[in-house]
Amino acid sequence: MIRLSRRMFGKLAAMSAANSALTVEASAAAKPLTLANSDRPFPAGFLWGSATASYQVEGAVNEDGRGTSIWDTFSHTPGKTHNGDTGDVADDSYHRYHEDIAIMQALGLKSCRFSIAWPRIFPNGTGTPNQKGIDHYRIFTEALLKAGIEPFCTLYHWDLPQVLQDKGGWQSKDTSEAFAAYAGYTAGKLGDLIKNWMTMNELSSFIELGYGNGIHAPGLKLGPQQLAQARHHAVLGHGLGMQAIRANSKGARVGVAENIEAIIPAFNAPEHIAAAKKAMVEENAAYSNAIHSGKYTDAYLERLGTNAPNFTAQEMKAIGAPTDFQGLNIYTAVPVRAVDNARGYERISNPASYPHMASSWLTLGPEALYWCPKIAAEVWNVREIYITENGCSSADVVAQDGQIYDSDRVMYLNAYMTQMQRAVSEGVPVKGYFLWSLLDNFEWADGYEKRFGITYVDFKTQKRTPKLSSKFYANVIAKNGL
Ligand code: GBH
């Protein structure tokens with residue numbers, strides 16, 4: 001038998017498969033073919049978690065002094081959500097959180113990302129706090145900690161107190177300041193239990209969809225100047241909120257969970273990678289790039305021209321103060337290619353045949369979990385990254401035996417996680433992963449039509465059933481690898 005080095009084997013294999021007998025023999029010599037060594041490990045302590053948001057799971061909208069949020073108003077407005085669905089009951093997690101935590105424990109989760117409903121803490125946005133709101137989240141986080149699950153808390157996942165919207169919402173700088181007051185107060189009350197905070201979830205989503213195209217609450221379609229100003233108030237809210245959290249809770253670690261434009265190179269070639277780095281900055285100029293650099297890019301301001309937002313140097317300093325970690329919510333990928341123009345890149349719009357999951361916007365882009373953390377770490381010099389959301393919708397059906405075999409979700413998760421492992425194994429500082437979502441829940445404008453959970457929820461009975469994907473995830477966590 002001829003013994004070949006791996007390099008030589010590579011060469012030979014690349015030449016052609018004409019002599020297949022030689023190829024097989026050489027392969028066996030290079031590495032024994034066995035099913036036992038197919039694991040791709042993650043580092044010890046990698047933080048596996050799940051993610052949810054208050055309005056999407058809690059229900060109990062009229063309990064314990066909660067105020068009205070813009071999503072109560074919006075979802076109760078005819079024509080705004082699929083089937084007129086609302087979050088009035090959702091997963092009833094406000095009452096069933098013990099059951100939810102038991103599900104997390106069964107999965108072996110190390111961490112749980114959840115959000116606090118601002119109108120439970122300040123029913124009127126500002127002013128007198130509601131003790132019952134604080135009590136609820138204290139009891140919840142104590143239960144998490146008792147179960148050995150680390151809480152990661154988002155302070156704003158889109159449920160703005162309606163009273164503040166009535167005064168202009170994110171169009172007003174007062175909302176940025178009100179947010180900081182709420183964030184500081186809450187971190188002061190819960191900071192002994194919660195160490196990891198995210199100021200906000202997806203600034204780009206709640207501004208562009210809520211104030212730009214109107215498909216989310218509060219359903220406004222502002223002109224370019226007003227929209228640019230609202231964006232600025234959102235990033236300012238993050239900056240002021242971060243200050244307030246740190247001032248009120250010693251040792252707090254603060255970040256933000258942003259749905260970045262998940263830029264990837266068209267393929268792995270130096271010119272496309274260079275283009276992707278430029279695109280990552282410019283395509284995220286209003287949000288993540290402002291937060292991680294304390295600046296709006298010249299190109300962003302030029303693009304806006306007279307519609308550019310009003311801002312001060314002091315505000316930009318608060319916005320750009322270093323975060324302790326960067327949270328990336330990643331679902332799809334935005335491929336770019338190198339182009340010889342002023343920007344140096346062009347977005348590639350996917351053809352109609354590009355595959356997607358049950359939500360038509362949710363195109364498959366597993367390499368986003370490789371490239372985005374890698375590029376982000378480099379262009380924004382971040383040392384700690386969490387994938388704060390990743391997951392997908394499936395057209396789940398309950399099989400005859402009562403189980404849900406969501407093989408497409410398993411495929412999606414497996415593909416994305418494999419790319420994340422690739423990044424981590426190269427030393428990209430991804431420290432944890434939060435799967436969206438633990439449970440099927442209120443999917444905003446899509447109501448209950450789109451299911452993102454790894455646990456099936458029968459919304460009539462609130463019965464929870466783990467799907468095949470939840471068994472897949474438990475297996476990943478148990479072996480800390482794929
Ligand atoms: C996240 O948004 C949210 O943080 C989370 O609350 C949500 O449940 C989850 O994703 C799943 O959607 O209908 O064509 O107009 C992800 C970013 C922005 C993706 C809005 C869907 C609507 C596209 N989302 N977008 S469309």
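Whatever order the structure lists ligands and atoms in, that order sets their numbers, starting from 1. Residues take their numbers from the sequence shown, with the count starting at 1. Source: prediction; values computed, not measured. Values below: every heavy atom of this structure, side chains too, minus hydrogens, waters and symmetry copies.
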So is W158 polar-close to ligand 1, meaning N/O to N/O under 3.5 Å?
no

For the pair F46 and F42, name the ring-plane relationship: parallel under 30°, tilted 30 to 60°, perpendicular over 60°.
tilted

Which residue supplies the protein heavy atom nearest to atom 20 (C) of ligand 1, what is that atom called, and how far is it?
L209 CD1, 3.1 Å

Is ligand 1 under 4.0 Å from a heavy atom in the side chain of L362, in the backbone, in both, or in neither?
neither

Short list, please: which atoms of ligand 1 are under 4.0 Å from a heavy atom of E443?
7 (C), 8 (O), 11 (C), 12 (O)

N390 versus L413: any side-chain heavy-atom pair under 4.5 Å?
yes

Please work out, at 4.0 Å between heavy atoms, whether the side chain, the backbone, both, or neither of Q56 comes within that distance of ligand 1.
side chain

Hey, are T86 and D88 close enough side-chain-wise for a donor-acceptor pair under 3.5 Å?
yes

Could you see which bit of N213 sits under 4.0 Å from ligand 1, with heavy atoms only: side chain, backbone, both or neither?
neither

Polar contact flag, side-chain donor to acceptor under 3.5 angstrom, Y386-E384:
yes

Within ligand 1, which atoms have a heavy atom of N259 less than 4.0 Å away?
17 (C)

How are the rings of H216 and W158 set to each other: parallel, tilted or perpendicular (split at 30° and 60°)?
tilted

Which residue holds the protein heavy atom closest to atom 2 (O) of ligand 1, what is that atom called, and what is the gap in Å?
E202 OE1, 2.8 Å

Can you confirm, on distance only, whether ligand 1 has an N/O atom lying under 3.5 Å from any N/O atom belonging to W436?
yes

Between W361 and ligand 1, is there a nitrogen or oxygen pair with a distance under 3.5 Å?
no

Just distances here: any N/O of S205 and N/O of ligand 1 closer than 3.5 Å?
no

Look at atom 3 (C) of ligand 1 and say which protein heavy atom is nearest, naming residue and atom and giving the distance to 0.1 Å.
E389 OE1, 3.4 Å

Between K195 and D324, does any side-chain N to carboxylate O distance fall below 4.0 Å?
no

With under 30° as parallel and over 60° as perpendicular, where do the rings of W361 and F452 fit, or are they tilted in between?
parallel

H216, portion touching ligand 1 at heavy-atom distance under 4.0 Å:
neither

Can you name the nearest heavy-atom pair linking R66 to S69, along with the distance?
NH2-OG, 3.8 Å

Give the atom numbers and elements of ligand 1 that come within less than 4.0 Å of a heavy atom of I215.
15 (O)

Atom 9 (C) of ligand 1: of F206, Y331, F452, the nearest heavy atom sits on Y331

Whether Y156 and F206 hold their rings parallel, tilted or perpendicular, with breakpoints at 30° and 60°:
perpendicular

Can you find an N or O of H157 that's nearer than 3.5 Å to an N or O of ligand 1?
yes

For side chain to side chain contact (heavy atoms under 4.5 Å, CB included), just list the numbers for I215 and W444, CA-CA rounded to whole Å, side-chain angles, deciding distance to a tenth of an Å, and then say yes or no.
CA-CA 9 Å; I215 69 165; W444 308 115; over 6 Å; no

Specify the closest pair of heavy atoms between A318 and L240, including all atoms of both residues, with the distance to one decimal.
CB-CD2, 4.3 Å

Could you see which bit of N201 sits under 4.0 Å from ligand 1, with heavy atoms only: side chain, backbone, both or neither?
side chain

